[in-house]
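To start, the structure under review is shown below, and the notes come after it.
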Amino acid sequence: TAAAPRSAAGNRRRAGWERRARQRGDRFGAAEGRRAQASKMNVGVAHSEVNPNTRVMNSRGMWLTYALGVGMLHIVLLSIPFFSVPVAWTLTNVIHNLGMYVFLHAVKGTPFETPDQGKARLLTHWEQLDYGVQFTSSRKFFTISPIILYFLASFYTKYDPAHFILNTASLLSVLIPKLPQLHGVRIFGINKY
């Protein structure tokens with residue numbers, strides 16, 4: 001038996017489907033198209049970044065995870081019975097800033113094997129962040145977050161001089177290395193190699 005003639009709408013639909021299939025490289029159906037695209041992908045490669053340190057702070061959920069981590073640190077410190085509220089806030093601020101200093105400004109290189117021929121080996125994580133571009137959203141976030149924590153710690157310690165000096169010194173230890181003028185600078189040759 002002969003097939004029934006197609007309507008004009010059916011022909012347009014089929015022509016649109018065939019055009020989209022050609023654009024995807026799919027001649028024989030969806031499964032074949034996926035196989036054709038899979039052969040074009042970098043198989044066995046986890047990411048396409050030369051240095052994953054440059055984009056890790058922009059990844060989905062990183063800022064929320066960071067804020068939740070600081071919040072959890074504060075809750076744990078508040079749950080210790082012999083710590084008063086001002087001591088807990090000061091310890092939260094100092095521990096946070098110490099961790100930030102170590103992980104962003106003291107440790108150099110990358111934990112990944114990168115094909116950048118050793119360019120990242122002499123840079124801290126802060127200097128690698130966003131390929132060294134200043135004033136990006138992630139750099140602003142990681143600059144503002146210790147300032148906000150400092151304001152909270154100062155407020156809850158009622159500006160007690162001892163806490164205030166500790167919190168201020170802690171804040172300066174993480175803000176000064178973030179200045180654009182100090183990008184790649186090693187003061188007194190500290191952390192040069």
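The figures here come from the full heavy-atom set of this structure, side chains too, leaving out hydrogens, waters and symmetry mates. The residues of the chain are indexed from 1 along the displayed sequence.
The OG1 atom of Thr136 sits 12.5 Å away from the OH atom of Tyr131 when rounded to the nearest 0.5 Å. Distance check: Met57 CE to Gln128 CD gives 10.5 Å after rounding to the nearest 0.5 Å. How far CG of Leu129 is from CG of Asn58: 6.5 Å, rounded to the nearest 0.5 Å. Note that CG of Leu64 is 4.5 Å distant from CG of Leu68, once rounded to the nearest 0.5 Å. Distance check: Thr92 OG1 to Ile75 CD1 gives 10.0 Å after rounding to the nearest 0.5 Å. The CZ atom of Phe135 sits 12.5 Å away from the CG atom of Asp130 when rounded to the nearest 0.5 Å.
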Run the side-chain contact (heavy atoms from CB on, under 4.5 Å) test on Arg186 and Thr124 for me, step by step, so that the C-alpha distance in whole Å, both residues' side-chain angles and the decisive distance to 0.1 Å come before the verdict.
CA-CA 11 Å; Arg186 304 291 179 256; Thr124 64; 4.2 Å; yes

Chi angles and distances behind the side chain to side chain donor-acceptor pair (under 3.5 Å) call for Tyr101, Ser170:
CA-CA 9 Å; Tyr101 179 80; Ser170 175; over 6 Å; no

Under the criterion side chain to side chain donor-acceptor pair (under 3.5 Å), I'd like the reasoning laid out for Ser173 against Asn97: C-alpha separation, chi angles, the key distance, then a yes or no.
CA-CA 8 Å; Ser173 72; Asn97 290 342; 5.7 Å; no

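A side-chain N or O of Thr90 and one of His163 form a donor-acceptor pair less than 3.5 Å apart. Side-chain contact check for Asn167 and Ser154: no donor-acceptor pair (N or O, by modelled atom type) lies under 3.5 Å. Inspection of the Lys108 and His125 side chains reveals no N or O donor paired with an N or O acceptor under 3.5 Å.
Cluster annotation: Leu98 is not connected to Phe103 through the hydrophobic network of ILVMFWY side chains, with a link wherever side-chain heavy atoms come within less than 4.5 Å. Hydrophobic clustering (side-chain heavy atoms under 4.5 Å, transitive across Ile, Leu, Val, Met, Phe, Trp, Tyr) keeps Val107 apart from Leu123. Both Tyr150 and Val85 are members of a single hydrophobic cluster when ILVMFWY side chains are connected at heavy-atom separations under 4.5 Å. Under the 4.5 Å side-chain heavy-atom criterion for grouping Ile, Leu, Val, Met, Phe, Trp and Tyr, Ile165 is not connected to Leu175 through any hydrophobic cluster. When the side chains of ILVMFWY residues are joined at heavy-atom separations under 4.5 Å, either directly or via intervening members, Ile147 and Leu152 end up in a single hydrophobic cluster.
With Trp89 as reference, Leu149 is the one residue of Leu149, Val94, Leu78 to meet the side-chain contact (heavy atoms from CB on, under 4.5 Å) rule.
Through side-chain heavy atoms spaced under 4.5 Å, either directly or across other Ile, Leu, Val, Met, Phe, Trp or Tyr residues, Met72 is tied to no other residue. Leu73 belongs to a hydrophobic cluster whose remaining members, ordered by chain and number, are Leu77, Ile80, Phe82, Phe83, Val87, Leu91, Ile95; membership requires side-chain heavy atoms of ILVMFWY residues under 4.5 Å apart, directly or through intermediates.
Ring geometry for Phe142 against Trp63 counts as perpendicular: the plane angle is over 60°, on a 0 to 90° scale with 30° as the lower cut.
A salt bridge does not link Arg139 with Glu127: none of the charged nitrogens is closer than 4.0 Å to a carboxylate oxygen.
Contact detail for Val174 and Pro146: the closest heavy-atom pair is CG2-CB, 4.0 Å. Between His183 and Gly132 the shortest heavy-atom distance is CE1-CA, 4.1 Å. Considering all non-hydrogen atoms of both residues, Lys178 and Thr143 come closest at CD-OG1, 3.6 Å.
With a 4.5 Å cut-off on side-chain heavy atoms, Tyr66 and Met100 count as touching. With contacts defined as side-chain heavy-atom distances shorter than 4.5 Å, the pair Ser138/Met62 does not qualify.
The aromatic ring centres of His74 and Tyr156 sit 6.0 Å or more apart.
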